[in-house]
Amino acid sequence: MKKLLTIAITVIIGSATALAQNPIIKHVFTADPSPIVHKGTLYLYTGHDTASVTATNYKMPDWHVFSTTDMKNWKDHGVLLSPHTFSWATGDAYAAQCIERDGKFYWFVSTFHKKDSVSGGGAAIGVAVSDKPTGPFKDAIGKALVVNEMTTDKKHSWDDIDPTVMIDDDGQAYMYWGNGSCKWVKLKKNMIEIDGGINVVSIKNFIEGPWIYKRKGWYYLVYASVGTKPEMIEYCMAKSPTGPWEYKGIIQENVPNSFTTHPGIIDYKGKSYFFYHNGTLPTGGSYRRSICVDYMYYNEDGTIQKIIQTTEGVKPVK
Ligand code: FUB
């Protein structure tokens with residue numbers, strides 16, 4: 001009888017584990033997901049948490065890439081970029097987003113600037129470029145695209161983080177970013193120069209981690225928000241990439257065991273996916289986060305339904 005019970009428990013635990021896709025990356029701590037689809041493969045660009053269990057701040061040495069063709073099996077392409085790639089950079093590898101244009105892959109990253117004649121330090125945005133989604137990546141400019149001194153609306157030195165980029169149907173590229181305030185610029189066709197001035201837009205409850213995209217005629221600005229609680233994900237919609245942005249509400253409540261969460265959104269093989277991170281791996285936490293994925297559903301009018309966070313994750317696709 002005891003033996004039978006042991007077998008039954010093993011089978012139940014075994015099947016629960018087999019069903020538990022989330023977090024999708026389990027062998028390293030990952031954060032700040034950024035998906036793209038290229039030639040039928042979904043590539044996921046991520047940050048990498050390496051802080052100790054007792055740490056009270058981030059330790060993020062590099063950025064990784066993973067890929068899948070079935071939303072179940074993830075290939076680890078390893079460390080494909082780090083702040084060391086940028087001669088002007090120092091410090092952590094914060095949130096980033098990779099986007100393709102004319103056969104080149106531009107990886108917009110947030111990291112920190114050395115104190116030198118260009119900047120007194122603080123967060124900065126750089127761009128790496130490659131001919132392939134999995135590198136090799138090199139510094140596309142040889143200097144930062146945005147340094148702390150270029151934005152003055154916020155006094156803290158880490159307000160220039162979390163770049164998100166979209167290319168509109170007319171070929172115009174836009175970059176949004178920010179911590180504490182949401183800023184945006186137009187990018188030139190070469191993707192490595194700002195075209196015009198920096199704009200600051202007032203977005204309700206915005207704190208950081210913007211993700212901009214266009215879908216079925218609507219522009220979406222999805223972002224991490226903060227009140228008195230840990231971060232949630234809220235969003236706005238607009239009929240133009242520069243707004244006016246209409247606030248639409250919360251799509252993701254707090255995530256377990258992590259102060260931050262961070263959206264990465266994509267349609268792939270007929271389904272819509274919402275990538276985010278939480279702190280649920282064993283020994284995980286706010287500085288040891290892990291990327292998860294769940295389904296995203298849109299209403300007829302384009303508004304987004306609340307994300308249901310699951311441990312099962314999403315089903316495999318062909
Ligand atoms: O991962 C470091 C920072 O935490 C990111 O830049 C933010 O979006 C938050 O996720």
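Every number for a ligand or one of its atoms is a count from 1 in the order of the listing.
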| request: Output yes when the distance from some N or O of ligand 1 to some N or O of His262 is under 3.5 Å, and no in every other case. | output: yes
| task | Starting from atom 10 (O) of ligand 1, find the nearest protein heavy-atom neighbour and note its residue, name and distance. | result | Asp32 OD1, 2.7 Å
| task | Flag the pair Trp74 / Phe66 as yes when their ring centroid distance falls below 6.0 Å, and as no otherwise. | result | no
| Are the side chain of Glu208 and the backbone N or O of Ile161 linked by a donor-acceptor pair below 3.5 Å? | no
| remark: Of His48, Arg289, Glu231, the residue with the heavy atom nearest atom 4 (O) of ligand 1 is Arg289
| message | Ring centres under 6.0 Å, that's the criterion: do Phe112 and Tyr94 meet it? | response | yes
| message | Suppose we measure from atom 9 (C) of ligand 1 to each protein heavy atom; which comes out shortest, and what is that distance? | response | Glu208 OE2, 3.4 Å
| query | So which protein heavy atom does atom 8 (O) of ligand 1 come closest to, and at what separation? | reply | Asp162 OD2, 2.6 Å
| Which atoms of ligand 1 have any heavy atom of Thr260 under 4.0 Å away? | 9 (C), 10 (O)
| task | Specify whether Tyr176 and Trp184 have parallel, tilted or perpendicular ring planes, treating 30° as the upper limit for parallel and 60° as the lower limit for perpendicular. | result | parallel
| field | Test of proximity, Ala95 against ligand 1: N or O pairs below 3.5 Å | value | yes
| task | Show your working on salt bridge (Lys or Arg N to Asp or Glu O under 4.0 Å) between Lys104 and Asp131 and close with a plain yes or no. | result | CA-CA 5 Å; Lys104 288 200 182 297; Asp131 294 331; 2.8 Å; yes
| query | Knowing that exactly one of Thr164, Asp162, Asp160, Thr151 qualifies, which makes a side-chain hydrogen bond (donor to acceptor under 3.5 Å, both in side chains) with Trp177? | reply | Asp160
Name every donor-acceptor pair, under 3.5 Å, that has one atom in a side chain of residues 273-280 and the other anywhere in the protein, sequence neighbours excluded.
from: Tyr276; atom 1: OH; to: Asp294; atom 2: OD2; distance (Å): 2.6
from: His277; atom 1: ND1; to: Asp32; atom 2: N; distance (Å): 3.0
from: His277; atom 1: NE2; to: Thr260; atom 2: O; distance (Å): 3.3
from: His277; atom 1: NE2; to: Thr260; atom 2: OG1; distance (Å): 2.8
from: Asn278; atom 1: OD1; to: Thr280; atom 2: N; distance (Å): 3.1
from: Asn278; atom 1: OD1; to: Thr280; atom 2: OG1; distance (Å): 2.9

| remark: Note: ligand 1 atoms sitting under 4.0 Å from heavy atoms of Met60 are 1 (O), 2 (C)
| message | Taking distance alone, with N or O pairs closer than 3.5 Å, would you say Tyr58 contacts ligand 1? | response | yes
